[in-house]
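Each chain gets a letter, A, B and so on, in the order its sequence line appears, and its residues count up from 1. What you see is a predicted model; the values in this text were computed from it and never measured.
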Number of protein chains: 2
Amino acid sequence: MKLRENYTCPLELVHDMIRGKWKTIIIFQLRKGKCSFSELHRGIEGITQKMLLEQLNELKQFELVTKKTFEGYPLRVEYYLTEQGEKMLAAVKIMQEIGIDHMLHHGMKDSLDRKGIPY
Amino acid sequence: MKLRENYTCPLELVHDMIRGKWKTIIIFQLRKGKCSFSELHRGIEGITQKMLLEQLNELKQFELVTKKTFEGYPLRVEYYLTEQGEKMLAAVKIMQEIGIDHMLHHGMKDSLDRKGIPY
DNA sequence: CCGTATCCGATCCGATACTG
DNA sequence: CAGTATCGGATCGGATACGG
């Protein structure tokens with residue numbers, strides 16, 4: 001993702017902030033606070049290391065996520081939401097509800113149960 | 001966009017619902033109620049007919065938007081948000097705010113002024 | 001544990017021209 | 001006014017392998 005310095009439409013900017021398959025999922029995963037890289041990797045089913053890192057870096061560019069790096073071995077980092085990230089989380093939570101509603105009304109209840117997602 | 005019938009993650013489903021550059025903008029444009037195709041086309045700067053129609057059809061597939069067609073000439077249609085669409089609008093409004101905040105803090109205030117977007 | 005690099009098919013989306 | 005069809009460059013995202 002190329003970072004632009006000019007946008008004429010707020011929603012076009014936000015589209016760039018959260019574009020791609022994984023960004024909202026990552027934001028949602030960070031809802032309970034800081035996570036290490038591998039916690040995120042384990043927590044998000046199906047994501048590859050490459051995609052996770054790439055998307056985290058883009059989220060950092062747009063200041064939705066920050067990273068704290070700790071010295072020493074083994075290497076350790078913490079990713080967490082910024083203030084704007086928390087605001088985005090509010091939108092993401094609504095999306096999560098919409099997704100659950102849609103699944104409930106279209107015969108995907110089992111998928112929710114299998115993953116233990118409450119509704 | 002290929003409509004899938006199985007999702008394991010609600011946010012992946014919602015990502016498909018609103019993916020692409022234009023969908024959130026279209027939803028926001030419908031916030032005040034029904035619009036004809038050409039009203040939308042005029043209201044959304046830079047969108048082509050092809051993209052507008054394509055994105056509207058995808059929004060219909062996911063039941064965020066419905067269409068009412070009127071008989072006679074000239075042809076007339078009305079697009080408007082469904083109940084789920086209104087819920088998505090709540091998320092989109094938060095995104096709009098986030099976008100405005102970001103623009104204000106990154107030297108894009110003029111763009112907002114030029115388009116008459118309040119903040 | 002954390003991050004990087006490359007390859008490649010699939011998809012996005014703008015331009016353009018055309019139909020009812 | 002509303003909708004359709006096609007083409008082609010840009011981007012997305014998965015697989016895979018490598019480096020600090």
Can a side chain N or O of [X] be found less than 4.0 Å away from OP1 or OP2 on [N]?
{"X": "Y79(B)", "N": "dC1(D)", "value": "no"}
{"X": "T48(B)", "N": "dA15(C)", "value": "no"}
{"X": "W22(B)", "N": "dC12(C)", "value": "no"}
{"X": "R19(B)", "N": "dC12(C)", "value": "yes"}
{"X": "K21(B)", "N": "dC12(D)", "value": "no"}

Exercise. Under 3.5 Å, is there an N or O donor on one side and an acceptor on the other linking the side chain of K50(B) and the base of dG14(C)?
Worked result: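 Yes, the side chain and the base share a sub-3.5 Å donor-acceptor pair.
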
Problem set entry | Distance (rounded to the nearest 0.5 Å) between L13(B) CG and M17(B) CE |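 Between L13(B) CG and M17(B) CE, I get 4.5 Å after rounding to 0.5 Å.
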
For this session: Could you tell me the separation between the CD atom of Q55(A) and the P atom of dT4(C), rounded to a whole number of Å?
Result: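 Rounded to whole Å, this separation is 14 Å.
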
Exercise. Contact class for Q49(B) (heavy atom, under 4.0 Å): base, sugar-phosphate, or nothing?
Worked result: base

Exercise. H15(A) or L56(A): which one's nearest nucleotide on DNA chain C is closer to the 5' end?
Worked result: L56(A)

Problem set entry | K34(A), NZ: over 12 other non-hydrogen atoms inside 6.0 angstrom |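 It does not: K34(A) NZ has 12 such atoms or fewer within range.
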
For this session: Could you tell me whether the side chain of H41(B) and the main chain of L52(B) form a donor-acceptor pair under 3.5 Å?
Result: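 The answer is no, because no donor-acceptor pair under 3.5 Å joins these two groups.
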
For this session: Could you please spell out the steps behind the salt bridge (charged side-chain N to carboxylate O under 4.0 Å, His left out) verdict for K87(B) and D101(A)?
Result: CA-CA 11 Å; K87(B) 198 164 177 182; D101(A) 282 1; 3.3 Å; yes

